[in-house]
Amino acid sequence: MENITYNKENLAYEKAAKRVKDLKGFYGNLTSYCLVIPFLLIINLINTPKHLWFYWPMLGWGFGIVAHAVNTFGIGKNWEEKKIMELMSQEKKAQNNFKQL
């Protein structure tokens, strides 16, 4: 009984640790974006004010941040967990059917 409880606690800890790592990565990416893009804007306006190029890295990196946010905060998170449970259930049923034969 203790082993089952320990495994559940360990699994919950690992899941929480992964979540914290994902959040830390996203916020680090967002912070970098917020610091670098204004710097690029300033460089662009000082060196070539008639030719604006800063928006290309802003857009490219911005799309990357949106994708990172979707992955971190999760449109697909619930779907992943439901699919994992579904596949595990199917595997268990297949094993039970095989044992009955």
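Note that the coordinates shown come from a computational prediction; the quantities given were computed from them, not determined experimentally.
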- prompt: Listed by chain and number, what are the salt bridge (charged side-chain N to carboxylate O under 4.0 Å, His left out) partners of K24, not counting sequence neighbours?
  reply: none
- prompt: Can you name the residues that form a side-chain contact (heavy atoms from CB on, under 4.5 Å) with L45, not counting sequence neighbours?
  reply: L41, L52
- request: May I ask whether W56 and Y33 are part of the same hydrophobic cluster, defined by side-chain heavy atoms of I, L, V, M, F, W, Y residues being less than 4.5 angstrom apart, directly or through others?
  value: yes
message: List the residues meeting side-chain contact (heavy atoms from CB on, under 4.5 Å) with L23, not counting sequence neighbours, and say none if there are none.
response: R19, Y27, T72, F73
query: If you measure from NZ on K15 to NZ on K18, what distance do you get to the nearest 0.5 Å?
result: 10.0 Å
query: Which heavy atom in H68 sits nearest to a heavy atom in D22, and how many Å separate them?
result: NE2-O, 4.3 Å
- request: State plainly whether one hydrophobic cluster holds both Y55 and I42, where clusters connect Ile, Leu, Val, Met, Phe, Trp and Tyr through side-chain heavy atoms under 4.5 angstrom apart.
  value: no
N44 (side chain) donor-acceptor with T48 (main chain) under 3.5 angstrom: yes
message: With clusters defined by side-chain heavy atoms of hydrophobic residues (ILVMFWY) lying less than 4.5 Å apart, directly or transitively, does L30 cluster with V20?
response: no
query: What's the spacing between F26 CZ and N71 CG if we round to 0.5 Å?
result: 10.5 Å
- prompt: Rounded to the nearest 0.5 Å, how far does CZ of F54 lie from CD1 of I37?
  reply: 8.5 Å
- prompt: Quick one: do L59 and I43 end up in the same hydrophobic cluster if we chain Ile, Leu, Val, Met, Phe, Trp and Tyr together by side-chain heavy atoms under 4.5 Å apart?
  reply: yes
message: For residues I46 and L40: do they belong to one hydrophobic cluster (side chain heavy atoms under 4.5 Å, members Ile, Leu, Val, Met, Phe, Trp, Tyr)?
response: no
